[in-house]
Amino acid sequence: MKTQKLLSILLIIIVCFFSSCKNKTVENQFDNKEYAAFDWFNYKGKDQVFNTIKKADSEYLNPILAGFYPDPSICKAGDDYYLITSSFTYFPGLPIFKSSDLVNWKQVGHVITRKEQGNFSKMPVSRGLYAPTIRYNNGTFYVICTNVEQGGNFIVTTKDPEGEWSNPVWLPEIDGIDPDIFFDNDGKTYITHNGPPPNNEIKHNGHRAIYIWEYDLETQKIISDQKLLVDGGTDMAKKPVWIEAPHIIKKDDYYYLICAEGGTAYEHSEVVFRSKNVLGPYVSYENNPILTQRHLSKDRKNQISTTGHADFVETQNGDWWAVYLGCRPYEIDYYNTGRETFMLPVTWKDGWPTFEKGNEAHPFSHQKPNLPETKEIIPPTTGNFESNDDFSSEKLDFKWVFLRNPKDSIYVLQNSNLYLKPSEENIKQISSSSFILRRQQHLEFEASTKLNFSLTNSSQTSGLVAFQNENHYIFIGKRLNNDDKIEVFVERNALKQNEGKPEIIASQVIKSETEDLFLKIEGKTRYYDFYYKLYENDDWILLAKDVDAINLSTEEAKGFVGTMLGMYASNNHFKLSE
């Protein structure tokens with residue numbers, strides 16, 4: 001009897017095991033012929049400035065996060081530092097980096113990873129998540145941010161910044177952007193932000209104000225009326241514009257309110273106010289701005305521009321450092337890489353903070369912080385580096401993102417390939433198209449991939465794209481032309497070219513016994529070259545040379561993002577955009 005019972009139990013276990021294996025096999029099965037298969041993706045930085053800098057071992061390079069990483073915020077927890085930046089409608093949102101030495105930054109995840117935390121469907125590229133702040137208090141990490149088209153300002157929290165964050169706690173009372181959260185020594189918590197001028201009385205274009213509220217951590221609610229801290233900026237007689245990005249810090253007997261001023265373009269700067277009371281009144285520093293490049297020659301070589309939007313952190317040694325955004329233009333105010341994250345030390349003089357070389361031409365190398373250098377091997381985020389992804393991991397690397405929340409089953413990682421399912425939408429539409437992107441992190445670069453895709457109709461395409469927004473991109477891919485022949489082509493889209501319609505600027509019919517196609521984009525500041533080849537050991541074939549990529553600059557495309565590079569597939573690329 002016992003033997004029969006044991007045999008029955010064993011039989012049940014065996015049946016369940018094979019049933020489970022069968023279900024897993026079914027789950028892993030998909031028709032890869034319907035997918036565009038990418039075997040690998042290679043990115044290589046080739047900036048001349050990094051080739052010429054003679055950096056000592058005791059120095060670090062700026063920017064510390066190269067490429068589209070704007071509006072940085074930083075906090076310290078124990079002996080570790082955490083840094084986040086804006087992400088707008090890219091998903092997952094708010095990339096988070098960790099460092100023990102302020103120099104080597106490892107991306108450990110994203111803050112916004114679930115649709116219920118942020119739904120960016122139908123949002124233009126430069127909407128979504130603006131200017132977050134990250135802080136650590138009594139074992140909990142807080143991020144406060146603005147979703148400008150869905151709910152406004154919110155707070156998310158976690159005990160583990162490398163894990164999942166909470167769903168948002170919304171703050172409907174706050175009318176504005178760029179929120180900061182400050183934990184005072186007496187246990188009280190305050191939120192400051194940029195908002196419209198008092199009583200909405202606009203005295204000049206760009207007139208904004210900074211406000212403060214008290215916030216209760218237990219009830220997770222605003223518990224005070226709004227109070228004005230700064231009206232307009234440092235000196236209303238000079239009609240200051242776009243006072244924003246406030247952060248409050250406390251040092252000795254003063255509260256310091258640091259803000260960006262001048263707008264997030266060439267006139268950008270950082271200014272500081274102080275008060276003996278967190279609620280003010282705040283006095284402007286007579287030597288403001290403490291950080292700017294706007295007064296320097298626009299013809300200087302290897303310039304860093306548009307500096308501002310800073311956040312401070314104090315090290316365990318009592319030293320102060322600040323992260324801030326800046327740009328590396330190739331011409332006056334033209335940059336394809338977007339706004340990047342830089343870092344400089346902060347010194348205190350007569351009770352006021354000043355950036356070291358804050359108003360001089362910012363250096364690309366600087367003496368490292370006095371902190372033990374990490375022994376962990378971390379992929380570089382600055383300088384000239386090469387990054388190759390062979391898609392052999394079970395999950396996508398954190399550097400890869402989607403534009404807006406991706407649809408289910410948009411991709412499969414299997415057999416060391418990334419299989420991308422062509423969508424019924426295309427990149428000319430405000431939709432969740434099938435493309436997976438990483439940042440362009442250098443003015444000069446190479447991006448290449450190996451693609452395998454079986455075309456079945458003339459509306460389909462797949463390939464490699466350099467993307468700013470729906471109206472500004474350059475794409476190299478394969479398609480069936482009007483003669484039903486396979487061709488490789490380059491398409492450019494820009495509002496100022498071809499009456500704002502996408503145009504094929506180069507094409508070549510290809511004959512091959514394989515569906516494989518190798519594609520490469522070579523960026524040379526303003527001008528990009530486009531290459532292809534059919535076999536691994538072939539030489540690259542130049543398809544389009546010196547394509548003007550000024551349409552990928554923020555100045556031309558408008559908005560707040562930088563160029564993204566990645567893999568794209570669509571079943572309807574050649575239909576009219578909606």
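It should be emphasised that the depicted structure is a prediction, and the values quoted were computed from it without experimental measurement. For reference, positions follow the sequence shown, starting with 1.
With salt bridges taken as basic N to acidic carboxylate O contacts below 4.0 Å, none links K520 and D529. A salt bridge does not link E244 with R208: every distance from a Lys NZ or Arg NE/NH1/NH2 to an Asp or Glu carboxylate oxygen is 4.0 Å or more. Of the charged side-chain nitrogens involved, none lies within less than 4.0 Å of a carboxylate oxygen, so that E386 and K46 do not count as a salt-bridged pair. Ion pair R404/E470 flagged as a salt bridge, since at least one NZ, NE, NH1 or NH2 atom sits closer than 4.0 Å to an Asp/Glu carboxylate oxygen. A salt bridge is defined here as a Lys NZ or Arg NE, NH1 or NH2 lying under 4.0 Å from an Asp or Glu carboxylate O, and K122 with E149 fails to meet this definition. Using a 4.0 Å cut-off between charged side-chain N and carboxylate O, K421 and E34 make no salt bridge. A salt bridge does not link D333 to K298: none of the charged nitrogens lies less than 4.0 Å from a carboxylate oxygen. Salt bridge status for R328 with D47: present, with a side-chain N to carboxylate O gap under 4.0 Å.
Looking at N153 and T146, their side chains do bring a donor and an acceptor atom within 3.5 Å of each other. Defined by atom type and a distance below 3.5 Å, a donor-acceptor pair is missing between the side-chain atoms of D539 and Y531. At a cut-off of 3.5 Å, with distance as the only test, a side-chain donor of H573 or E491 sits close to an acceptor on the other residue. Under the 3.5 Å distance criterion, with hydrogens and angles disregarded, a donor-acceptor pair is assigned to the side chains of S86 and D71.
Screening H472, E556, R492 against Q497 for a side chain to side chain donor-acceptor pair (under 3.5 Å) leaves a single residue, R492. Among H268, E270, R294, Q293, the single residue meeting the side-chain contact (heavy atoms from CB on, under 4.5 Å) criterion with T307 is Q293. Under the side-chain contact (heavy atoms from CB on, under 4.5 Å) rule, E487 has a single partner from I510, V509, N482, L480, which is V509. When the options F391, F402, W400, Y35 are evaluated for a side-chain contact (heavy atoms from CB on, under 4.5 Å) with Y411, the one that passes is F402. Residue H442 forms a ring-ring contact (aromatic ring centres under 6.0 Å, His included) with just one option from Y330, F385, Y335, and that option is F385.
The backbone N or O of N572 sits less than 3.5 Å from a side-chain atom of S570, completing a donor-acceptor pair. D178 places a side-chain N or O within 3.5 Å of a backbone atom of A245 that can act as its donor or acceptor partner. In this structure a side-chain-to-backbone donor-acceptor pair under 3.5 Å is missing from N417 to S392. Between the K115 side chain and the G118 main chain, no donor and acceptor come within less than 3.5 Å of each other.
Counted within 6.0 Å of CG on N205, heavy atoms from surrounding residues, nucleotides or ligands total 12 or fewer; the atom is thus considered open. A 6.0 Å sphere centred on NZ of K478 holds more than 12 heavy atoms belonging to other residues, nucleotides or ligands. Within 6.0 Å of CG in N51 there are more than 12 heavy atoms belonging to other residues, nucleotides or ligands. In K485, the NZ atom is not crowded: 12 or fewer heavy atoms of neighbouring residues, nucleotides or ligands sit closer than 6.0 Å. By the 6.0 Å contact criterion, NZ on K106 is open, its count of non-hydrogen atoms from other residues, nucleotides or ligands being 12 or less.
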Might you work through the salt bridge (Lys or Arg N to Asp or Glu O under 4.0 Å) test for K399 and D397, ending with a clear yes or no?
-> CA-CA 5 Å; K399 65 175 173 283; D397 189 273; 3.7 Å; yes
Evaluate the criterion salt bridge (Lys or Arg N to Asp or Glu O under 4.0 Å) for residue pair R526 and E331; output intermediate values, then yes/no.
-> CA-CA 8 Å; R526 175 173 172 170; E331 295 176 20; 3.3 Å; yes
Intermediate values then yes/no, salt bridge (Lys or Arg N to Asp or Glu O under 4.0 Å), E425 and K407 = CA-CA 11 Å; E425 296 81 18; K407 295 183 177 180; 2.8 Å; yes
Give the C-alpha distance, both sets of side-chain angles, the deciding distance and a yes or no for ring-ring contact (aromatic ring centres under 6.0 Å, His included) between F445 and F50.
-> CA-CA 12 Å; F445 70 94; F50 293 130; over 10 Å; no
Please assess K558 against E555 for the test salt bridge (Lys or Arg N to Asp or Glu O under 4.0 Å), listing each intermediate value before the final yes or no.
-> CA-CA 5 Å; K558 304 308 178 185; E555 179 64 22; 3.6 Å; yes
R479/S458 under side-chain hydrogen bond (donor to acceptor under 3.5 Å, both in side chains): CA gap, chis, key distance, verdict | CA-CA 6 Å; R479 68 171 185 172; S458 60; over 6 Å; no
Step by step, would you call Q429 with S433 a side-chain hydrogen bond (donor to acceptor under 3.5 Å, both in side chains)?
-> CA-CA 8 Å; Q429 300 169 282; S433 303; 5.5 Å; no
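Shown here are the side chain to side chain contact (heavy atoms under 4.5 Å, CB included) partners of S297, two or more places apart in sequence or in another chain: D299. By the salt bridge (charged side-chain N to carboxylate O under 4.0 Å, His left out) test, E116 pairs with R114, sequence neighbours left out.
Proximity of the aromatic rings of F467 and F435 is defined here by a centroid distance below 6.0 angstrom, and this criterion is met. Between Y532 and F518, the ring center distance fails the sub-6.0 Å criterion. Two rings, from Y419 and F38, have their centers 6.0 Å or more apart.
Taking the six-membered ring where the residue is Trp, Y60 and H366 present tilted rings, their angle falling between 30° and 60°.
The closest side-chain heavy-atom distance from F342 to L325 is not below 4.5 Å.
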